[in-house]
Amino acid sequence: MDLEVKGVAASPRGQAELSSRGKKLSQGWKQATHGLRPADVPCLDLGKLGSSDEEDGDSYIPYSKRFPRIGPPDSSSTVSWGTPLQTPYAQHHQIQQLARKHCQKKMELSLEQKTIPENLPSPTDKYKLKYQQYEAEMKEGYKQYSQRTAEKKKNNAQSQESSQRTAEKKKNNAQSQESSRKTAHKKEDVAAERRKQTVVEQVMVDQLSRIRTRSALTENVLSNKLRFDGRILSRNGRDACRELIGFFFMYDTSLTVYEYRQFGKNRTNALPFIQKGVYSHQHGQRKGQQYDLSDFYVGANLTFLSCNLSLPESIKQNPILTLRVTNIDEAAMDILKTTSVGIKQDITQQEIDESRVFKVVQGILKEKLSKRGVRVVTGLGKYFRELDRKRDGAFSKAVFKRALTVFHLEVPEKDFESLWLILDDNCNDEVDYGEFTRAIIGEMNEYRKAFVRKAYMKLDFNKTGSIPMVDIRKCYCAKKHSRVLSGDATEEEIKSSFLETLEDACSNSGEVSYCEFEDYYEGLSIGIMNDEDFVNILRNAWGI
């Protein structure tokens, strides 16, 4: 080793190389050991450096073969500062690691101890004042921010509370409206029952006044009766909306019908409409047979010769007056059935056959009418009213066939002929339009009819038989329509659609007659299976 170093040092080139390398190492050492204590710095042994000639060849041979490894030591190996480093590379790397650790420790200490330089001058009054102003502004800003946050929370809480209160109010209003409507309906029902009771008392007085003796036996005989409600099957609004109350007496199988009339706001009275007497059927399969207890049920038709009765002229235009039974006293019916002998409600085979024909025809047209029932029924009504030159509502077979073709309601020829034979029982080749439409399309039940008449009578409070379209527009409400509640349509869209359909069905665009109003709801009823759904539509639209 000594010889090699001496040999290197002996040559001028070797001396210059050793000198330059020594300077570089000393500068690196100073930089790496800056801030280290002298005891921590290891000594350098320049005598263990390799020859420059061998380095020129970009190769390095360690001094001792006991340490053939080149590069920094493993993390697992330990190096003692008392032991000289084996290579300059290893020595330099170790120094860098120690310096890095020392700098890291100093930074940690400086972070832990926020030392203030001793020679830092104290702030002037100007900067103290600025700092105080800044501190006050920051405190005020934070105070305002806290207040705004608190106000926002308070406003949010108040808005939530107010929305809850609004929802509760809406719910309470809806409940109160529903309860008030139910109360109003109950009051109307009670008032209607009182009216009927008043009529019953008046009938008893009228009938007793026609009997010379007023014995208890006579009163008992007259009390053995059946009360029923009825309406006139008519396209005339004034006649169709008459409120009729009838009585069938069992002791002589006679009947009488009264009309409930209201004069002004407070005065009401029941007037005789059909005088007490024994009557028989004037139309249908039971023509000529006297009325008995089996003829009275909801939906039954009672026919009379209008010429033999004291009736208004509008009713006498039709030779046969037809009354539809809309309601009966069920309790009285049960009592009369148990006390009566030989009273049976027999259905003849002919009536069964007629019912079967009606069901077949209505079944053929059911699918066609389910999607466009309103347009078809209202269109048929308008079509026949325009053809009715005589104003009697009767048409020939050819007219009905042509009408079914126009509205795409074709019926097989065999079924049509069977239907016509049933309807044209007089064999005069004419059938009433109402009978024909009820046979081919069907008819809504009396429960639904009652609410249609109730809505119309509310609109036609003067009993004129027609309603101005302006009143229809004012009174119709689509707020609770199912499509409006679901968001599929607006109130204005539903209202416009209803008015457009109704105006198309009217012969006079400025007013709506009862038959036009009824036709609209007859068509609407075809697509609504549940009675309560249909009644709710009328209640929501007209407030009944």
Side-chain angles (χ1 to χ4, degrees), residues 181-200 226-247 257-262 268 270 273 296-302 321-333 373-374 377 381 434 437-438 441-461 463 465-467 472 475-477 512-544:
R181 191 172 69 176
K182 289 181 178 178
T183 305
H185 293 160
K186 287 181 180 179
K187 288 181 178 179
E188 289 179 1
D189 294 339
V190 171
E193 193 60 33
R194 286 178 180 173
R195 290 200 302 267
K196 291 178 182 179
Q197 192 61 34
T198 303
V199 175
V200 170
L226 174 68
R227 188 190 73 193
F228 63 91
D229 298 336
R231 64 182 179 89
I232 302 175
L233 291 185
S234 174
R235 306 290 285 175
N236 183 290
R238 296 185 65 181
D239 297 332
C241 292
R242 293 179 185 271
E243 296 182 71
L244 304 179
I245 304 174
F247 300 90
V257 179
Y258 279 70
E259 180 183 4
Y260 184 81
R261 298 284 296 275
Q262 183 167 356
T268 57
F273 187 76
F296 296 91
Y297 53 90
V298 176
N301 289 338
L302 308 177
L321 168 66
T322 304
L323 299 185
R324 172 69 57 81
V325 177
T326 59
N327 188 28
I328 61 172
D329 188 352
E330 296 288 351
M333 174 63 82
V374 174
V377 176
T437 54
R438 284 192 292 271
I441 296 174
E443 188 179 18
M444 73 173 90
N445 58 41
E446 290 304 315
Y447 179 73
R448 300 188 183 192
K449 284 269 190 182
F451 283 92
V452 173
R453 292 172 65 242
K454 196 172 184 179
Y456 189 84
M457 286 189 287
K458 180 181 178 180
L459 296 169
D460 186 21
F461 52 89
K463 303 292 187 296
S466 63
I467 308 168
I472 294 283
C475 297
Y476 183 79
C477 177
V512 181
S513 64
Y514 174 78
C515 58
E516 293 161 347
F517 190 83
E518 186 183 45
D519 283 347
Y520 176 87
Y521 284 104
E522 281 281 5
L524 185 66
S525 178
I526 295 173
I528 302 174
M529 303 304 296
N530 188 277
D531 287 345
E532 291 302 323
D533 291 342
F534 181 82
V535 170
N536 286 332
I537 290 174
L538 284 163
R539 281 176 173 165
N540 295 332
W542 306 110
I544 58 174

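Both backbone and side-chain heavy atoms feed into the values below; hydrogens, waters and symmetry mates do not.
To the nearest 0.5 angstrom, Asn236 atom CG is 10.0 Å from Ser466 atom OG. Once rounded to the nearest 0.5 Å, the distance linking CG of Asp239 with NZ of Lys463 reads 13.0 Å. The distance from atom CG of Asn327 to atom CD of Glu446, rounded to the nearest 0.5 Å, is 10.0 Å. Taken to the nearest 0.5 Å, the CZ atom of Arg453 stands 6.5 Å off from the CZ atom of Arg231. Interatomic distance, CD1 of Ile467 versus CD1 of Ile472, reported as 4.5 Å (0.5 Å rounding).
The shortest side-chain heavy-atom distance between Asp460 and Cys241 does not fall under the 4.5 Å cut-off. Using a 4.5 Å heavy-atom cutoff, the side chains of Tyr297 and Val325 are not in contact. Using a 4.5 Å heavy-atom threshold, the side chains of Arg539 and Phe451 count as touching. Annotation: side chain of Ile232 is in contact with side chain of Leu244 (closest heavy-atom distance under 4.5 Å). Using a 4.5 Å cut-off on side-chain heavy atoms (C-beta onward), Phe534 and Tyr447 make no contact. Within the 4.5 Å cutoff, the side chain of Phe228 has no heavy atoms near those of the Leu323 side chain. Between Asp519 and Arg235, the closest side-chain pair of non-hydrogen atoms falls below 4.5 Å. Inter-residue side-chain proximity for Leu302 and Phe296 is flagged as met; some heavy-atom pair is nearer than 4.5 Å.
When all heavy atoms of Ser234 and Ala240 are compared, the closest pair comes out as O-CB, 3.6 Å.
Within 6.0 Å of CZ on Arg438 lie more than 12 heavy atoms contributed by other residues, nucleotides or ligands.
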Residues 522-531, side-chain donor-acceptor partners within the protein, below 3.5 Å, at least two apart:
{"unit_1": "Glu522", "atom_1": "OE1", "unit_2": "Met444", "atom_2": "N", "d": "3.3"}
{"unit_1": "Glu522", "atom_1": "OE2", "unit_2": "Lys449", "atom_2": "NZ", "d": "2.8"}
{"unit_1": "Ser525", "atom_1": "OG", "unit_2": "Arg448", "atom_2": "NH1", "d": "2.7"}
{"unit_1": "Asn530", "atom_1": "OD1", "unit_2": "Glu532", "atom_2": "N", "d": "2.8"}
{"unit_1": "Asn530", "atom_1": "OD1", "unit_2": "Asp533", "atom_2": "N", "d": "3.2"}
{"unit_1": "Asp531", "atom_1": "OD1", "unit_2": "Asn445", "atom_2": "ND2", "d": "3.2"}
{"unit_1": "Asp531", "atom_1": "OD1", "unit_2": "Arg448", "atom_2": "NE", "d": "2.7"}
{"unit_1": "Asp531", "atom_1": "OD1", "unit_2": "Arg448", "atom_2": "NH2", "d": "3.0"}
{"unit_1": "Asp531", "atom_1": "OD2", "unit_2": "Asn445", "atom_2": "ND2", "d": "3.3"}

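Between Phe517 and Trp542, the angle of the ring planes lies from 30° to 60°, which puts this pair in the tilted group. The aromatic rings of Tyr456 and Tyr514 sit perpendicular, their planes meeting at an angle over 60°, well past the 30° parallel limit.
Side chain of Arg227 to backbone of Ile245: no donor-acceptor contact under 3.5 angstrom is found. Side-chain N or O atoms of Thr326 include one that pairs as donor or acceptor with a backbone N or O of Asp229 at under 3.5 Å.
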